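The figures that follow rest on heavy atoms only: side chains count, while hydrogens, waters and symmetry mates do not. Residue numbers begin at 1 in each chain, while the letters A, B, ... track the order of the sequences. Since the model is a prediction, treat every value here as computed from it, not as a measurement.
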Amino acid sequence: MKRKMIRGNILAYAVLVIISIIWLFPFVGLVLQSFRGEYGGMVNYLIPKQFSLDNYKFLFGPDCKFVRWYLNTLVIAVFVAIITTVVVICVSYALSRMRFKGRKLLMNSWLVLGMFPGFLTMICLYFLLKLLGLTQEGAVPGLILISVASSGMGYYVCKGYFDTIPKSLDEAAIIDGASRAQILWKMTIPLSKPIIIYTALVAFMAPWCDYIFASYVAFGFSDSYNVAVAMTRWVWTNDYQGYFTRFCAGGILVAIPVTALFMALQKYYVEGVTGGAVKG
Amino acid sequence: MKKTLALVLALVMVFALVACTGTKTETPVADEPKADAPVADAPVADEPVADEPVADEPVAAGDQTIKIWVADAIVDFTKEQAAAWQAANPEFASFTIQVEAVGEGDAAGNVTTDVEGAADIFGFAQDQLSRIVSAGALVELSEENAAIVKAENDAGSVAAATMGDTVYAYPLTSDNGYFLYYDKSVVTDPSTLEGIIEACKAAGKNFYMEINSGWYQPAFFFGNGCTLTYETNDAGKYTACNVDYASEKGVAALKTMIDLANSGAFVNGSSVGNATNAAAIVDGTWDASAAKELFGENYACAKLPTFNVNGTPVQMSGFGGFKLLGVKPQTDEAKLAACDSLALFLSSGDVQLARFKAVGWGPSNIAAKADEAVQADEALTALGQQLAFTVPQGQYPGDYWTKATALGDSVIAGEYNNADDAALLAALQQFQDDCISYAK
Amino acid sequence: MGKKKGRGIGAAFVTLWEDIKDIFTTFKEGDWKTRLSFLIMGFGELMRGQFARGLALLGIQTAANLFIVKFGWQYLKDFTTLGTVETHKVNRVTQYGDNSFFILLYSLLTIVVIALLILAWRINVRDNRNCQRKLSAGEKLPTNRRDLHSLLDEHFDKTLLALPMLGIFVFTVLPIIFMVCIAFTNYDVDHQPPAKLFTWVGLQNFKELFGIGTGGNFGSTFFSVLGWTLIWAFFATFLTYFLGMAVAILINKKGLKLKKLWRTILVMTIAVPQFVSLLYVGKMFAVDGIVNAYLMQWGWISAPIPFWTNATLARIMIIVINLWIGIPYTMLIVTGLLMNIPSELYESARIDGANAFQMFRKITLPYMLFVTGPFLLTQFIGNLNNFNVIFLLNQGNPKSMGLSNGAGATDLLITWLYKMTINDSNYKIAAVIGIMVFLVTAIISLVVYNAMPSIKDEEGFQ
């Protein structure tokens, strides 16, 4: 029995090591490429022939607005994270704890609305934003507005989590004379740390990947680009020869803080997602 | 049952929002100065006080900015030249000029999305012309400027800027053609395709050519004597298509492509930056510096090779393409005049030559082309040799490029590997029919 | 109130009829304050001392009227034609005419405002009736303080939902209505505002799509893309799910060390932005990419594997790379859930002599499926519309002569639509296809969603 267990464990370790290699390989490749000294695009070997910091120097040099793009993205991410969290908590609490006419209808229709191919409406959103002066120069607040405007539809996971908090707690508080607002503020929110962190974390991560819509809104005004818009140009258009290693370096700089944050809050992420996601 | 007051509040907010936006659009001009920096803004907005009395001078006073979109490589160059233009033309001194890096491919898409938000002057590759014209995002050249453009630039570039009989853009370069970059140490004789492939194979390296692109494919088809051209009218519409791909000549060209794809030393691609193991690559002048980096001291260029059709060598042909500069429709006469003047200046022979010296873009201007420096450039020389066999790229609908990619992808994926001549002819017939259907 | 949910069109008409009757009764039986409120919203409330409500209603009416008069009307009046004044040029200076796009968009906005105004008016009428009834029954009206306080208590849901609903309405619902309208216009490459007008064409686009109008092999392409979309969504969802579960169970294995490390390694794929990781992974598998280079160097293969240029291989690659993204996510969820399964269940099963696989099949799997049902559904729908993976990896290529309208072998409906709108400006057809895709997914998911056990007894959990 014991030997069988040990053999099983060795096998498990072997599988896990293989999995880890597969999962880490692209990241190792990215990091190594970012330090590559040789000129050029993609290469077919992993270890650079010469190491250098030139790619990073370029990003922070005078010829590149990388810092600007980075800050743009950071500002968007922070605001989106904060506002989205507030909105999602509000919506989730209302849908989980209150019973009102049209509640089911509302939930169903939001579920359905989420399925409409979003980019079909991109041109419409662009002109709505333009009406408010939030394109090109104003693309950063514009992107924040669009991201948070519909964030209420992402109530799913959070509502599921609220559903698991016993209703009897609420009832007891109501008997004690607390208003709903007080219950939300003083009881539900303190009990929901994981889901709040989860919501904020997911919202924070999304803007770093926003390419399609961001490029649509900020076009022709490079001061408003976010990192994804600015950097995908380097690999997708012919105008930027030899930018591939710079792209890798920029990618690493984007990945580090997001990954670090994610790792630090991983515990809450798991609690949040398992507490809520699965329950709809 | 008690009142739905919250809902009411929500509605108030809807209306507040909507009402704000409503008043905003009412006064577009007054909106311009940003609320953030009123102090800094004041001196820039030239005549804030004089705004009201000059009622009969329309929007002119409001829009004094000329936005320019060009490829990243020439942003700084364009800024310098625009300053030089302003210095030479004091009557336009009041205009502020903004230059942004917007890729030639992106420019067309962005311009068609929102003409109003687009740049006043923008650079683009000629294959986008009809798309931009049909979106109404280009203003035709004035008669004087059209005459100058026609007189000073090579015939191909003028044709590239023309739809029907109307000239819509200013030629910038005539170096959008392709030829062969190769590694001297690997490929000793670049004159035949078969020879290049053999040499690459022997060295374990690859020959790169983007045969799934409608731009590179004509190297085979046109080389073997096929034609594919479109006729256009002034509105940017395609009226007719002349094509004979579905023929013996076409089948022979297609077979060459299939053989190439299966040669074992072929990679589909045309960008030095993405080529990891290249000994030879069919590419254009824009990659010259990257190719020099890649091949080092073994760097060499040549015209395209020949390929073998039933024992006779056939010279590869191809497109000679052009970069253009366009002016978008203007609602203000003064600004239109300024844009016309600036675009003409930026595409003039002197500036083209200066641009060549700064970033190596080959001129379309006849005088600039004759300059010694241009004549001495290695890549441009190869292009020049190839030019004798190429066809100036006219106008092609977007669907053509898509279809050509489909044909190329099918070749690369091996869909025709076991096909006989009849099957190949049928495939080309379908290709030809589709091409004809795009001109309705 | 215990009102029965009105289902069906008949019931809706009955409700509407009763509503209209109620409005008339209110007017007939109303006092002058109530009657004047029909014209000036909130008048009755103000006269009866309910300033909070009165001002809110009056504010709405003023703002809405202002909006309609100052902004909305100029567009709404052209709604039927979408503009008649063509853009023209005078001495090369462009004079823009009507902009069909703005006319349609802002007309819809105005119609929405009008609808909301009517709704507010109806609330205003009902409120007046109720107040009057209460007063005549000798009851006291709620004070302003009470009204405002109720917004934090029994009407807290309205406070909470007001702003989110507004946002969703303006930035999600309105654009969708707009795109649905586009399906009934001729908005395409030849009719692009501001240079050209577009106008209503009725069902023309639908006919064109189904009929002979389009030519080529549009129909077969459509079904080919649809088929791949479904295959993709199925594999992307369920392969990821089961493999993710397997990895989670593996890591959870008793006696295994470094659990946290293994998880952390996997989870990195969630954290690193996809536009970085996927672009790199895509290039890794190019014909001349690093994977082929090493495989050839090691002598495993003699010619490079055409990962992206062969249609079948490209499809497999996309599903495999999606596993790379998806497994960590499933693993995280399953890990959390595994701990929730009562260990007594396993104990008693072990006593009964069940082996590990049987325990998984009889205990773990049913539990997981029950609990993760909604999650699976959202994943499936998400994958139907999974734009990023396809677009960042290979843009839907390779294309083929067998497919029309620019579709590629790995194109999902959504990426195909994207190409149509962005590259070809063919908004009208994109809108038509968009609507059909939307209808199919919406109906399927609504039915499945509401049939799910964990949704049906929503209250059971609380």
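Of the atoms belonging to A:I174, not a single heavy atom falls under 4.5 Å from chain C. Proximity to chain C is limited to the side chain of A:L184, based on heavy atoms less than 4.5 angstrom apart. Contacts between A:L30 and chain C at a heavy-atom distance below 4.5 Å involve backbone atoms as well as side-chain atoms. Of the atoms belonging to A:M115, heavy atoms from both backbone and side chain fall under 4.5 Å from chain C. Looking at C:L323, only its backbone comes within 4.5 Å of chain A, counting heavy atoms on both sides. Residue A:M153 touches chain C through both its backbone and its side chain, counting heavy-atom pairs closer than 4.5 Å.
Considering only heavy atoms from C-beta on, C:L160 comes within 4.5 Å of A:Y93 through its side chain. At least one side-chain heavy atom of C:K257 sits under 4.5 Å from a side-chain heavy atom of A:Y13. Considering only heavy atoms from C-beta on, C:F178 stays 4.5 Å or farther from A:T121 through its side chain.
The choice from A:L120, A:V17, A:V87 that makes the most heavy-atom pairs within less than 4.5 Å of chain C is A:L120. Options C:V281, C:I327, C:D288 differ in how many heavy-atom pairs under 4.5 Å they form with chain A, and the most are formed by C:I327. Taking A:S150, A:S151, A:S109, A:G8 one by one and counting their heavy-atom pairs under 4.5 Å with chain C, the maximum is reached by A:S150. Interface remark: of the candidates C:V276, C:L161, C:I168, C:I168 forms the most heavy-atom pairs closer than 4.5 Å to chain A. Ranked by heavy-atom pairs under 4.5 Å with chain C, the list A:V88, A:L201, A:L145 is led by A:L145. Taking chain C as the reference chain and counting heavy-atom pairs below 4.5 Å, the highest number among A:C209, A:A228, A:A260, A:C248 is found for A:A228. Between chain A and the options C:F101, C:Y280, C:F387, the largest number of non-hydrogen pairs under 4.5 Å is found for C:Y280. Options A:Y216, A:W208, A:F127 differ in how many heavy-atom pairs under 4.5 Å they form with chain C, and the most are formed by A:F127. Of the listed residues (C:L413, C:N385, C:I270), the one with the most heavy-atom contacts under 4.5 Å to chain A is C:I270. Taking C:R263, C:K283, C:Q297, C:M420 one by one and counting their heavy-atom pairs under 4.5 Å with chain A, the maximum is reached by C:K283.
Taking CG of C:L163 as the reference point, atom SG of A:C90 lies at 8.5 Å (rounded to 0.5 Å). Rounding to the nearest 0.5 Å places CE of C:M268 at 11.5 Å from CZ of A:F262. Note that CD1 of A:I146 is 5.0 Å distant from CZ of C:F171, once rounded to the nearest 0.5 Å. Atom OG of A:S179 is separated from atom NE2 of C:H149 by 5.0 Å, given to the nearest 0.5 angstrom. Here CG of A:L16 is found 4.5 Å from CG of C:L250. Values are rounded to the nearest 0.5 Å. Between C:I265 atom CD1 and A:I19 atom CD1 the span is 10.5 Å, to the nearest 0.5 Å.
Side-chain N or O atoms of C:D153 include one that pairs as donor or acceptor with a backbone N or O of A:R180 at under 3.5 Å. A distance-only check finds a donor-acceptor pair linking the side chain of C:Y294 to the backbone of A:L46 [under 3.5 Å].
Shown here are the side chain to side chain contact (heavy atoms under 4.5 Å, CB included) partners of A:W236, two or more places apart in sequence or in another chain: A:Y211, A:T232, C:L279, C:F391, C:L392, C:Q395.
Between A:F27 and C:W324, the distance from one ring center to the other falls under 6.0 angstrom.
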Got a list of side-chain donor-acceptor pairs under 3.5 Å for residues 427-438 of chain C, not counting sequence neighbours?
unit_1	atom_1	unit_2	atom_2	d
C:K428	NZ	C:D188	OD2	3.1

